[in-house]
Amino acid sequence: MQGNEAVAYGALDAGVNFFAGYPITPSTEVAEILSVELPKRGGVFVQMEDEIASICAITGASLAGAKSLTATSGPGFSLMQEGIGFAKITETPCVVVNVQRMGPSTGMPTSPAQGDIMQAKWGSHGDSPSIVLYPDSVKESYELTIRAVNLAEKYRTCVILLLDEVIGHMREAVRLPDMANVRVINRIKPTVPPHWYKHYDENQKYLSPLASYGEGYRFHVTGLTHDSHGFPTNKSSEASEMMERLRKKIDYNIRDLVQIESHQMEDAKIAIFTAGITARAAKAAIAMARAEGIKVGLLRPLTIWPFPDDAVRKMLRNVETVIVPELNQGQLIHEIQRLTKDKSDGNLIPIQRVNGQLITPNDILRKIKEVS
Amino acid sequence: MAKSYEIRLSGSGGQGLILAGIILARAAVIEKRRVTQTQSYGPESRGGYSRADVIISDEEIYFPEATNFNCLLALTQEACDVYLYDLRDSGILIIDTTFVKNLALAAENTYELPFTEIAQEKLGSPITTNILSLAFMTQITGIVKPESLKQSIAESVKPAFVELNHKAMELGFELAKKYKK
Amino acid sequence: MANIPQRIIHEYLRHDKKFPHVWCAGCSNGIVLGAIIRAIASLNLDRDDIVMVSGIGCSSRMPVYVDFNTLHTLHGRSIAYATGVKLHKPNLKVIVVTGDGDCTAIGGNHLIHAARRNIDLKVILINNNIYGMTGGQCSPTTPHEAIATTAPYGNIEPDFNVCNLAMGAGASFVARTTAFHVLEMQGIVKDALEHPGFSLVEVVSACPVIYGRLNKKGGAPQMMKDFRDNSVPLAAVDKLPPEKVEGKIIRGILRREIRPEYCAQYASLVERIKDKEADNG
Ligand SMILES: Cc1ncc(C[n+]2csc(CCOP(=O)(O)OP(=O)(O)O)c2C)c(N)n1
Ligand code: SF4
Ligand SMILES: [Mg+2]
């Protein structure tokens, strides 16, 4: 099974019943598979006129009660940013899959890069905390697609799944779990009568129920800053309440959101911090280095945003050197730098490449040997 | 057999190399081995470069791209020139002499056959070059069993083309058995 | 229409929270709002089944005031959001309220493709020939030589004929009216609501405060009189000499035809596939 195929089947198994998208390499297989499968299950597949229309259509469908998802790559992801902001401020569940390719602009359409890590967090204007997941295998692409849909439903937001081109197109043998073992989360529905319904209910866990159009609730949704009923407001107290809610629903639930893999870190003196395909190169390099007696491990975020601050701080306390390989000109490394107060930059080693080629195990091994 | 075996199938777009890679990977899955298949190709679907990597292993495969091949199949001169450097010492090189003419860098274990010409002559069309050369390669390397490859082909191509591709496969096996270095 | 009392409007408004409204005195947006509500009331539609979607602009502020399911989206994107709502719940009546800039400039791509698909959306385009909300910049329907804040020397561009654009793209119901012709507007909106397919109603409207002032149109009452005097019903066009039609606003239903509707097409596709699956397995 291919990575993109795993995303499509993950979406179906998570209950996605609405897909709107626009073809773009290297994500197109997701749309193609769903165009076959969704109609069979009574779901909707629609090819829109562009990516802007796609993000809007999945947001509209979600407000009508659908579990919705779209898939794209760099240029389309850029076009979607305004709509992603709308989904976030209106707290509407949806998932955007971005199979990253090399940019900027049209770049190298069939070549891998990890250049959208920051865009996935900051791409839309204004502050809006993000949930972004990042798999490193075909199997994990399936699992994290389900998780992305679940988190979107639970936290009422637009969740982004970042794939590397290589992962999207890679084939690995995977056995999909029995559906009985797949945990599917559905949005909480209001239990109050319509006149008591608040579209953005304040509660301790920042998880508020969501009604759908056509169920008698007749709520208002706007991209303007709004009060808890959803009506536009200019009051600074209500504006900060809204902004705080967007932030707190992420901050308060950080333990539920952050997922990391710690690989051979117990006795490591050198740590590698990276995600996706580059983490696989790191694991291969670690196996080679360990064969030569070098104590090196890997910390890999499966949730890239919110950033796993606590795990990174712990890593920084326990190792002497951190190597940060990434297929860009330096994105993840800034986050580590942010958390590096008591270490000199000399202990933070970048490996960066943006030429359409992967960082290989040997590239990383060479650095490991240099610093060990 | 080595714990992990790295194969690169290389040439240009339209030669069916990615399909060959998928077929090889599926054959390994049939044998319950671990496998990854990755690919790299130019933006156009005809012409341009194209390659498929298959790693077959009995352990977890970390990095899915072949970097130090046990075997390289090169169907074009360009592919041969670019990738030969990453063939490991004593690795196997298989080239299609229909297109690969200059072999200044030939490895010690080189197998040369005009696969495209043979496909054209014996099977009536060059489109089966991928299966012909893939079957040749699996026979030489022994990386998957003939019956696994046969089953994988049947599962991977449209029903109407299974017979033709099986014919190409048999021919590939035969050529390998008869091949004299 | 006389059997619908005037206060019917009030039953459909969200008074508790949402008034006073943002529109200027003399603006046509409120007139259009009234006509839409009366058309809905005359059809006895269940308000739970109505979704009103809009983009950004003065006109697009309409949904917040009405007690339906309402969705105030991004500039230009109302039709795309509405497409998502409609496709997921085809039983809902989805009305799009949009401005000339919203619908034909930034949102032009969505307009033509929704028209081509013939998806059952009711697009009410309030054409005031200007970007009202942002203070009077040129729009694709600003007439040639008219003044806008971004066309201070007079607009050198030709303007769109929005109805022709929609018809060219395949819309199956297309009509034009003006803010002066309130009962006609109400009737046309009602017909649009009943039409099974993509419907575009262009309401030629007055923005007296910005467009009117910049172009010395003499205030809201005068602009209304101009709509009365400078428009002809479609039915009269053939009977009038060409010089009496030249440059006039043609009012009426310009196209009404039945063509396969997108959601219905999709539903039959699903049925077809399900039948086939059942046969196979
Ligand atoms: C992407 C984007 N670009 C620009 C704007 C600024 N803007 C808001 S309303 C508007 C024009 C509105 O004109 P129209 O659609 O004709 O509506 P009216 O106010 O005239 O009713 C513009 C340009 C915006 N909100 N979003
Ligand atoms: S600016 Fe023009 S369109 Fe906007 S509310 Fe005022 S009169 Fe109406
Ligand atoms: Mg306007």
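Here is the naming used below: chain letters follow the sequence lines, and residue numbers restart at 1 for every chain.
Heavy-atom contacts from other residues, nucleotides or ligands closer than 6.0 Å to NZ of B:Lys158 number 12 or fewer. Within a 6.0 Å sphere centred on CG of B:Asp89, heavy atoms belonging to other residues, nucleotides or ligands number 12 at most. The number of heavy atoms from other shown groups lying within 6.0 Å of CD (B:Glu78) does not exceed 12. Heavy-atom contacts from other residues, nucleotides or ligands closer than 6.0 Å to OH of A:Tyr22 number 12 or fewer. Within a 6.0 Å radius of NZ in A:Lys283, other residues, nucleotides and ligands contribute more than 12 heavy atoms. Within 6.0 Å of CD on B:Glu147 lie more than 12 heavy atoms contributed by other residues, nucleotides or ligands. The 12-atom threshold is exceeded at CD of A:Gln47, counting heavy atoms of other residues, nucleotides or ligands nearer than 6.0 Å.
Counting heavy-atom pairs closer than 4.5 Å to chain B, the top residue among A:Val166, A:Val138, A:Ile167, A:Thr360 is A:Thr360. Listed options B:Gly21, B:Ala28, B:Pro64, B:Ala25 were ranked by heavy-atom pairs under 4.5 angstrom with chain A; first place goes to B:Pro64. Counting heavy-atom pairs closer than 4.5 Å to chain A, the top-ranked of the candidates B:Gln39, B:Glu60, B:Arg34 is B:Gln39. Heavy-atom pairs under 4.5 Å with chain A were tallied for B:Ile18, B:Asn68, B:Ile22, B:Asp53; the largest tally goes to B:Ile22.
Proximity to chain B (any heavy atom under 4.5 Å) is shown, for A:Ala285, by neither the backbone nor the side chain. Of the two parts of B:Ser40, neither the backbone nor the side chain holds a non-hydrogen atom closer than 4.5 Å to a non-hydrogen atom of chain A. Heavy atoms of A:Leu298 lying under 4.5 Å from chain B are absent altogether.
Using modelled atom types, one side-chain atom of A:Arg280 and one backbone atom of B:Ile61 make a donor-acceptor pair closer than 3.5 Å.
The distance from atom CG of B:Asp86 to atom CG of A:Asn362, rounded to the nearest 0.5 Å, is 9.5 Å. The structure places CE of A:Met1 at 10.5 Å from CZ of B:Arg26, a figure rounded to the nearest 0.5 Å.
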Output, in order, the C-alpha distance, side-chain angles, deciding distance and verdict of side-chain contact (heavy atoms from CB on, under 4.5 Å) for B:Phe63 and A:Leu358. CA-CA 10 Å; B:Phe63 192 59; A:Leu358 297 178; 3.7 Å; yes
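By the 30° and 60° cut-offs, the orientation of the rings of B:Tyr41 relative to A:His169 is tilted.
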Only pairs under 3.5 Å count here: list side-chain donor-acceptor contacts from residues 72-80 of chain A, not counting sequence neighbours, and write none if there are none.
unit_1, atom_1, unit_2, atom_2, d
A:Ser73, OG, A:Val99, O, 2.6
A:Ser78, OG, A:Gly74, O, 3.3
A:Ser78, OG, A:Gln119, NE2, 3.3

